[in-house]
2 protein chains.
Amino acid sequence: MKLISVDTEAIEQHYAVLNRIGPVDGDPDNGFLRAPYSAAETAAISYIQQVARAAGLNCRFDAVGNLIVATPGSFSAWVETGSHIDTVPGGGNFDGTAGVVAGLAALLAIHSSGTVLQRGLRLRIWRGEESACFGVTSIGSRAAFGRLDASALMHNYAGRSLAEAMLEQGADPELIRAGRPAIDKHERDSIAAFLELHIEQGKVLEACGKDIGIVTAIRGSKRSWVNLHGTFDHSGATPMGPEFRQDANLTMAYIMVRLDQLLRQANSEGADLVQTAGLVNPPQQPGSSLPLGENAITKISGAACFSYEVRGCDAESVESYCDRAFALIRETAEEFGTTVAIETFSDQAGIPNLNPELQKLMTESCMALDLSYTSLPSGAWHDAGTLAQQVRGDGTTIPVGMIFIPCYNGISHSPDERSTPLQIARGASLLATTMIELASI
Amino acid sequence: MKLISVDTEAIEQHYAVLNRIGPVDGDPDNGFLRAPYSAAETAAISYIQQVARAAGLNCRFDAVGNLIVATPGSFSAWVETGSHIDTVPGGGNFDGTAGVVAGLAALLAIHSSGTVLQRGLRLRIWRGEESACFGVTSIGSRAAFGRLDASALMHNYAGRSLAEAMLEQGADPELIRAGRPAIDKHERDSIAAFLELHIEQGKVLEACGKDIGIVTAIRGSKRSWVNLHGTFDHSGATPMGPEFRQDANLTMAYIMVRLDQLLRQANSEGADLVQTAGLVNPPQQPGSSLPLGENAITKISGAACFSYEVRGCDAESVESYCDRAFALIRETAEEFGTTVAIETFSDQAGIPNLNPELQKLMTESCMALDLSYTSLPSGAWHDAGTLAQQVRGDGTTIPVGMIFIPCYNGISHSPDERSTPLQIARGASLLATTMIELASI
């Protein structure tokens, strides 16, 4: 096994530039805002392109704006890595970006080692993986494989539809509208393996002191808006109790508490799910006609809503739990005299099993590199999941593996999100060593 | 007893004009927005002034912008009525306005009857009774008696501070800043009695089919912001349970449910209180530095807040309940690993007993006018409460009475709020008959 080592200096050098692209109010301490198909995302991608070209790698964009960096030469099979470089509003510069930086560093290290490859190497920078802005996840990777529903083009963020944002950044929404992939069958079938490095976004690796997490599965997610209509009424003159008050805010509180109790029970009975109400009565809810603006301190609330997300690796388990949860929501709304509408806007099945051979190879590479490791599932969705769903011409799926690196206190989607250059460099070394092994077969 | 009858035509005529002042999006079906010290509130007051002047009544404004309509002549004692003409955003045209219209109709009816009075009659239109906009109640009546805390001048609504809004409508915030009343001692001591007609804002009169409610007491209110700080974190990668998640939204839901259960228990043990969380995660919370904007669908919420209002006639009962409620809020926040700050921004003691002689006189007037009636407390605060709190030079308080009229389904602070012209005319007849009786003593 040929070992490739990525040093921390290479990682630090890329971060010195990327820390200046999209910090909130100009200060990385406030976190970053590189929205999907924004000028800031394009600027970050351009930096990667510039470094790759200067080192003699080939660069091109697909029709939906994903950047592809490739080692020179003509190959019938390619070993690929990739991640995303967009952020949630106020997120850190590591979720996605660490995988892009590690992938770039891995390709550069292999390229400069002069090793003769049997297969080519590619790095893909997927556009818009984060769903916080447009409400849909993995825009770039799903669009690349023709798996993005065209309705997403009408979602709005910061005064632009996704279609408008794409056009502004030189990408083509028509392909999505037509349901056509940006990666043709031949290119798809040439992907021999796809690896993604990502920060863990959890506390397991830090808690057990491991350098590397070898990912076994990926949680999917089902996301809905729960919209409640109550009756606006005077807060002083209306007696307590559901026979007098149809209080949307109070109904929402009861629903959230009962859902919490329902999930505790389900997990204690063997389910492995998480659920979150991240947004409660948000000022801008896409497509809603709820009169949230009429709520007031002195009124019983006539409207309330929250985002409801359930995540799990096993799609059937998510589905059957959501059936119970939605029934509970409807029963509770009825009990409090309010009406409820549940609108599921995103339903992304998880990946119950990532490729076992790749997990084995990464394990061997860790041992050869003297890196400590453990196996674990991914709580978050990743572009790697999109790849794992693609069926090739011969009926097989693309073999997909994921490398997790530790991140401080498990925090992500926050200005406090961070991994050290050493943690990223170790992951990049594992990525490079695994890729060169796959490319030498 | 001289009976004065107000006909429905007079009421309908005023509403035909007032329905055109401040409807939301130009349509009364959407409710009204006449904010405190807004151009719309001024326009409604100007209409009353114009009608009163045309009928030969005197009009003047006090220094904080309240309109005073008076019968001609010089008197050492005055029988007064009054209410407000502002609305909550999206509220109806009856809360307050019905009392102004009835008061105007009563004065006009008495004036045109040519009755010789021993005491003068006055109608006061108080500015800004509703707290939904500036977060403080009875601005005009409290300022008139020097009882408005100067800090209220800095509260903001629609991009203006209260001080700025007052200046725009020709009122003087300096008086409030200096803590000086707009009604001097002599004028205050000349108020022999004050009566306010108001819609019930509850369902009691409608349910028992009575024309009139004779009000026995007024609920006060204590209003606070409950601000919660949690930890922003990834919604997929963070396990469930308070040991992993410091979820501000979920903590808030548990607090709201537990408060609901606490009040059910307190009321079953003899308390007579209501509580409401009218605003949950509002987009603009005055003076807050909570990072609500960083909440997202895919993040565990790091911030949440709600307005918490407790109302009761007896201030001690409100106070002791709030002590228990605040302790429960703090315990629950701690249990979920979040931090909480409770900021009480308004604490208005109730009026445990309105003037008994006035209640008796109104009862006799009802019988004389053949109006059905019942006695009941007021769930809502009213300007009449401010009057009831004023001590005159001789150490007595101003005698205050309140007349409730039924309103449809008990609804108020809503576009569906309404009373019929007949319901208002009956109340105005009672008001006029009671006032003329008091003015003939």
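Chain A is the first sequence line, chain B the second, and so forth, proteins listed ahead of strands; every chain is numbered from 1.
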Point to revise | Closest-packed option against chain B by number of heavy-atom pairs under 4.5 Å, given A:Met256, A:Arg223, A:Met240 | key: A:Met240

Practice item. Please state whether the side chain, the backbone, both or neither of A:Gln275 comes within less than 4.5 Å of a heavy atom of chain B. Key: both

Point to revise | Most chain B-contacting option - heavy-atom pairs closer than 4.5 Å, from A:Val280, A:Thr137, A:Asn409, A:Ile411 | key: A:Val280

Review point. With sequence neighbours excluded, what pairs up with B:Phe244 under the ring pair (Phe, Tyr, Trp, His ring centres under 6.0 Å) test?
Key: none

Review point. Between B:Pro291 and chain A, which part of the residue has a heavy atom less than 4.5 Å away: side chain, backbone, both or neither?
Key: neither

Exercise for review: Would you check, one step at a time, whether the test side chain to side chain contact (heavy atoms under 4.5 Å, CB included) holds for B:Ser131 with B:Val136?
Suggested key: CA-CA 5 Å; B:Ser131 62; B:Val136 55; 5.5 Å; no

**Study point:** Partner chain A: residue of B:Ser235, B:Ala380, B:Gly135, B:Ala277 with the largest heavy-atom pair count (under 4.5 Å)
**Key:** B:Ser235

Point to revise | Segment of B:Glu309 engaging chain A (4.5 angstrom heavy-atom cut-off) | key: side chain

Review point. In terms of heavy-atom pairs under 4.5 Å, which option from A:Leu273, A:Ile297, A:Asp416 contacts chain B the most?
Key: A:Ile297

Exercise for review: Report the option among A:Glu294, A:Lys299, A:Met252 that has the most heavy-atom pairs separated by less than 4.5 Å from atoms of chain B.
Suggested key: A:Lys299

Exercise for review: Look only at the side chain of A:Asp247 and the backbone of A:Pro242, and say whether a donor-acceptor pair between them is shorter than 3.5 Å.
Suggested key: no

Practice item. Calculate, to the nearest 0.5 Å, the distance between atoms CH2 and CD belonging to A:Trp225 and A:Glu343 respectively. Key: 10.0 Å

Check your understanding: chain A: which of B:Asn295, B:Asn249, B:Asn281 shares the most heavy-atom pairs with it under 4.5 Å?
Key -> B:Asn249

Study note, to complete from the structure: Honestly, the part of A:Pro377 sitting under 4.5 Å from a heavy atom of chain B is neither

Review point. Where does A:Leu263 contact chain B at under 4.5 Å (heavy atoms): side chain, backbone, both or neither?
Key: side chain

Check your understanding: Which residues pass the ring pair (Phe, Tyr, Trp, His ring centres under 6.0 Å) test with A:His382, sequence neighbours left out?
Key -> A:His198, A:Phe404

Check your understanding: So, is the end of the B:Arg418 side chain (NZ or CZ) under 6.0 Å from the ring centre of B:Tyr408 and within 45° of the ring's axis?
Key -> yes

Exercise for review: Please state whether the side chain, the backbone, both or neither of B:Val88 comes within less than 4.5 Å of a heavy atom of chain A.
Suggested key: side chain

Check your understanding: Under the 3.5 angstrom rule, does the side chain of B:Arg219 hit a backbone N or O of A:Ala237 as a donor-acceptor pair?
Key -> no

Review point. From B:Gln201 CD over to B:Ser414 OG, what is the distance, rounded to the nearest 0.5 angstrom?
Key: 11.5 Å

Practice item. Against chain B, work out which of A:Ala248, A:Gly236, A:Gly379 has the most heavy-atom pairs shorter than 4.5 Å and name it. Key: A:Gly236

**Study point:** Short side-chain to backbone donor-acceptor contact, A:Glu417 and A:Asp95, under 3.5 Å
**Key:** yes

Practice item. Would you mind telling me which of A:Leu250, A:Thr238, A:Val204, A:Leu259 has the largest number of heavy-atom pairs within less than 4.5 Å of chain B? Key: A:Leu250

Review point. In terms of heavy-atom pairs under 4.5 Å with chain A, which of B:Gly202, B:Ser412, B:Ser301, B:Ser221 leads?
Key: B:Ser412

Point to revise | Structural part of B:Thr298 lying under 4.5 Å from a heavy atom of chain A | key: both

Check your understanding: If you measure only the distance, is there a donor-acceptor pair under 3.5 Å linking the side chains of B:Asp233 and A:His413?
Key -> no

Review point. Just by distance, do the side chain of A:Asp86 and the backbone of A:Glu129 share a donor-acceptor pair under 3.5 Å?
Key: yes

Check your understanding: Does B:Tyr157 have any ring pair (Phe, Tyr, Trp, His ring centres under 6.0 Å) partners at least two apart in sequence or in another chain, and if so, which?
Key -> B:Phe134

Review point. For chain A, which residues from residues 264-272 of chain B lie under 4.5 Å away (heavy-atom distances)?
Key: B:Arg264, B:Asn267

Point to revise | Expected output: side-chain B:Thr87 to main-chain B:Phe32 donor-acceptor under 3.5 Å | key: yes

Review point. Of the backbone (N, CA, C, O) and the side chain (C-beta and beyond), which part of B:Ser307 lies under 4.5 Å from a heavy atom of chain A, both, or neither?
Key: side chain

Point to revise | Polar contact flag, side-chain donor to acceptor under 3.5 angstrom, A:Arg245-A:Thr231 | key: no

